[in-house]
Amino acid sequence: MPAGGHPHAAPTPAHYGMIVRQAEPVNLEMPFGSLDQFVTRTEDFFVRCHFPIPEITRDRWRLRIRGLVQRPVELAFDELQAMPASSVTATLECAGNGRVFLSPSVGGAQWERGAVGNAVWTGVPLGYVLERAGLPAEASEIILTGTDEGEIEAPPRPGGRIRYARSLPLGKATGDVLLAWQMNGADLTPAHGFPLRAIVPGWYGMASVKWLSDIIVTDRPFQGYYQSVDYAYWQRSTGEPSLVPITELHVKSQIARPGPCERVPRGGAYLVRGAAWTCEAEIVRVEVSTDGGLHWSDARLGRHTDRHAWRLWEYDWAIPREPGRTTLMTRAHDSKGRTQPAKRDPDRGAYMINEVLGLDVMVQ
Ligand code: MTE
């Protein structure tokens, strides 16, 4: 890579082996059946972009911290890298992962199971950088803004070009959020946010702003497009539904193998495999049903139990002797007593799809 340059100049075969949901802006899905290890290889990790990937030269790039701060700060990449770094293994799931299974169908990228991945991220805690700028007592939210920009096509939409931005409450921002420059031990690739992105462990992927350039401290709720129109859902905690931003991951499990409509040999043995994840808790149990939810058995859980990472699981299935269609289902439970709901909550719109889903296979 040229010093301080763009790691991949020309279009690369980065799409190989991925499902292309959209070519431009690029949106790539991992074929979830290929899940074979705890840490997802960078080239297998899904890509979600709302706008074209910005071309950034690391030497000229700066991170600005401004708004309600005691001292506005501007940092070059080298200055950030000289700060105390730490790593977190964290699962990112797009809030629309599984959208294609919704009925009636909804708009947006038609993700199946592969808008999720688990990687090791390295960078400096956001809280450390905020401390440099100094926060006044009234600071309540931190807005993270990317360099990418474009126009929104469908109404309701703001006029002109906007940049991708999301906010975090101060407590989360000064907690476990990282400003990461590495993914799986190497520089971020352009698609995953080179040179710097936020990693917000335990939250849906939309919070982990890529190509980060501006951090704005404010004392009021941010109501940007990707916070209030997109990536928001209806909540009824105060009576009538009101729109609130999507935040924490909901407990969920997915089958990687077999795949939808796979043909499996009758009377044979099959190792059913998959992953399960949640927010701020451990996955303690995954149940599997191979008869459409009539009977459930426990899966074996993988040994990795990182707090913010998914847990792999597997289950030995004795395939029935009778040919025909059968439905596989899974249900994860976490250490906070949460489990996957049986039915869809329509207030979630096109997001947070963690209800128990069936996967049909053909016994033959
Ligand atoms: N950050 C910027 N600047 N622009 C984006 O379009 N997409 C978000 C988030 N951060 C996005 C962004 C969404 S919706 C998701 S799910 C994650 O990035 C995906 O991260 P990945 O592409 O590295 O998998």
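Order of listing sets the numbers, starting from 1, for every ligand and every atom in it. Computation of the quantities below employed the complete heavy-atom set of this structure, encompassing side-chain atoms and omitting hydrogens, waters and symmetry-equivalent molecules.
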Which atoms of ligand 1 have any heavy atom of H192 under 4.0 Å away? 21 (P), 22 (O), 23 (O), 24 (O)
Whether Y231 lies under 4.0 Å from ligand 1, heavy atom: yes
Checking a contact table here: which protein heavy atom is nearest atom 22 (O) of ligand 1, and how many Å away? K210 NZ, 2.5 Å
Could you see which bit of F46 sits under 4.0 Å from ligand 1, with heavy atoms only: side chain, backbone, both or neither? both
Would you check if there is a donor-acceptor pair between the side chains of D291 and S289 at a distance under 3.5 Å? yes
Test side-chain hydrogen bond (donor to acceptor under 3.5 Å, both in side chains), reference N354, set R348, Q254, E93, output is R348
Starting from atom 8 (C) of ligand 1, which protein heavy atom do you reach first, and at what distance in Å? Y164 OH, 3.5 Å
Using a strict cut-off of 4.0 Å, indicate which atoms of ligand 1 neighbour a heavy atom of F45. 24 (O)
What residue and atom, counting heavy atoms only, is the protein's closest point to atom 7 (N) of ligand 1, and at what distance? R48 O, 3.3 Å
With a cut-off of 4.0 Å, which atoms of ligand 1 are near a heavy atom of V47? 22 (O)
Location of contacts on Y204 toward ligand 1, heavy atoms closer than 4.0 Å: neither
Which atoms of ligand 1 sit under 4.0 Å from any heavy atom of V209? 1 (N), 3 (N), 10 (N)
I'd like to check which ligand 1 atoms, numbered from 1 as shown, lie under 4.0 Å from a non-hydrogen atom of C94. 16 (S)
Looking at the rings of F51 and Y164, which for Trp means the six-membered one, are their centres under 6.0 Å apart? no
Among the heavy atoms of M183, does any lie under 4.0 Å from an atom of ligand 1? no
Check each of V286, L271, L312 against R300 using the side chain to side chain contact (heavy atoms under 4.5 Å, CB included) test, and report the only one that passes. L271
How does R197 reach ligand 1, if at all, at less than 4.0 Å between non-hydrogen atoms: by side chain, backbone, both, or neither? side chain
Assigning hydrophobic clusters by single linkage (Ile, Leu, Val, Met, Phe, Trp, Tyr; side-chain heavy-atom cutoff under 4.5 Å), is F32 placed with I283? no
Classify the ring geometry of W277 against W310: parallel below 30°, tilted from 30° to 60°, perpendicular beyond 60°. tilted
Among L75, I143, L179, side chain to side chain contact (heavy atoms under 4.5 Å, CB included) partner for I215: L179
Hey, which atoms in ligand 1 end up nearer than 4.0 Å to a heavy atom of D148? 2 (C), 3 (N), 4 (N), 5 (C), 6 (O)
For C49, the ligand 1 atoms with a heavy-atom partner under 4.0 Å come out as 6 (O)
Looking at G302, is its backbone amide N or carbonyl O close enough to the side chain of H304 to form a donor-acceptor pair, meaning the two atoms are under 3.5 Å apart? no
With a cut-off of 4.0 Å, which atoms of ligand 1 are near a heavy atom of S208? 9 (C), 10 (N), 18 (O)
Specify the protein heavy atom at minimum distance from atom 6 (O) of ligand 1: its residue, its atom name, and the distance to 0.1 Å. H50 N, 2.9 Å
The residue among E248, E141, E280 that forms salt bridge (Lys or Arg N to Asp or Glu O under 4.0 Å) with K172 is E280
Is a side-chain donor or acceptor of E314 paired with a backbone partner of R273 at a separation under 3.5 angstrom? no
Does the gap between the ring centers of Y231 and H50 come in under 6.0 Å? yes
How close does the nearest protein non-hydrogen atom get to atom 17 (C) of ligand 1, and which residue and atom is it? G205 O, 3.4 Å
